[in-house]
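None of the values given here were measured: they were computed from a predicted structure.
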Amino acid sequence: MCINCVEAAFPERGKTCLDGGSYLLNFKGCFECGKREMVQVVEKKYKSDSEDKETVKYSHQCFCGHYIAGHKYKFEVTPNFEQEYEMNCLLCGVGENTVEAFQPKQCDNL
């Protein structure tokens, strides 16, 4: 990770949790080439332990090839049907959110 490329390291983002993209307001510019342009999302990997858990990992990289930050996003449905989201990234920040999800009901007509 490159602390020199960001305005603030791991900014607090509240309930914001990104599973893609970049938080460009926190991008100061590339420490290697000096440009302040869009950054690439590279090496995006999805991991799903079950239908209730998903992890997305990718890297933020300048077009010159300079590595800026690693991004981790996690989604999980809890046993009581809450959806939990987490994000951790030097560039995009730290955020988490819990949302009450739709609870399936049993049909009495079976």
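Heavy-atom neighbours of Glu96 CD from other residues, nucleotides or ligands within 6.0 Å: at or below the threshold of 12. Counting non-hydrogen atoms of neighbouring residues, nucleotides and ligands closer than 6.0 angstrom, the CD atom of Glu12 exceeds 12 such neighbours. By the neighbour-count criterion of 12 heavy atoms within 6.0 Å, atom NZ of Lys15 is sparsely surrounded, having that number or fewer from other residues, nucleotides or ligands.
Distance CZ/Phe10 to SG/Cys92: 10.5 Å, rounded to 0.5 Å. How far CD1 of Ile68 is from CG of Leu90: 9.5 Å, rounded to the nearest 0.5 Å. To the nearest 0.5 Å, the span separating CD on Gln61 from OH on Tyr67 amounts to 9.5 Å. Atom CZ of Phe63 sits about 10.5 Å away from atom NZ of Lys35, to the nearest 0.5 Å. Separating the CG atom in Asn88 from the CZ atom in Arg13 is a distance of 12.5 Å, to the nearest 0.5 Å. Here the CE-OG distance, from Met1 to Ser59, works out to 10.0 Å after rounding to the nearest 0.5 Å.
When the side chains of ILVMFWY residues are joined at heavy-atom separations under 4.5 Å, either directly or via intervening members, Met38 and Val6 end up in a single hydrophobic cluster.
Ser48 places a side-chain N or O within donor-acceptor distance of the main-chain N or O of Lys53, the cut-off being under 3.5 Å. Remark: the backbone N or O of Cys62 is paired with a side-chain donor or acceptor of Gln40 at under 3.5 angstrom. Formation of a donor-acceptor pair under 3.5 Å by the Ser50 side chain with backbone atoms of Asp52 is found in this model.
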Quiz item: Can you check side chain to side chain contact (heavy atoms under 4.5 Å, CB included) on Phe81 and Glu100, steps first, answer last?
Solution: CA-CA 7 Å; Phe81 297 101; Glu100 188 175 325; over 6 Å; no

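Residues Tyr85 and Val99 are in side-chain contact: their nearest non-hydrogen atoms beyond the backbone lie under 4.5 Å apart. By the 4.5 Å heavy-atom criterion applied to side chains, Glu84 and Thr78 are counted as neighbours.
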Compile the donor-acceptor pairs under 3.5 Å between side chains in residues 18-28 and protein atoms, sequence neighbours left out, one pair per line.
| unit_1 | atom_1 | unit_2 | atom_2 | d |
| --- | --- | --- | --- | --- |
| Ser22 | OG | His60 | ND1 | 3.0 |
| Asn26 | OD1 | Glu7 | N | 3.4 |
| Asn26 | OD1 | Ala8 | N | 2.9 |
| Asn26 | ND2 | Ala8 | O | 2.8 |
| Asn26 | ND2 | Leu91 | O | 2.8 |

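The two residues His66 and Cys2 come nearest to each other via the heavy atoms NE2-SG, 3.3 Å. Considering all non-hydrogen atoms of both residues, Cys89 and Ala69 come closest at SG-CB, 4.2 Å. In this structure, Phe31 and Cys5 approach most closely via the heavy-atom pair N-SG, 3.3 Å.
The one candidate from Lys72, His71, Lys74 that meets the side-chain contact (heavy atoms from CB on, under 4.5 Å) condition with Met87 is His71.
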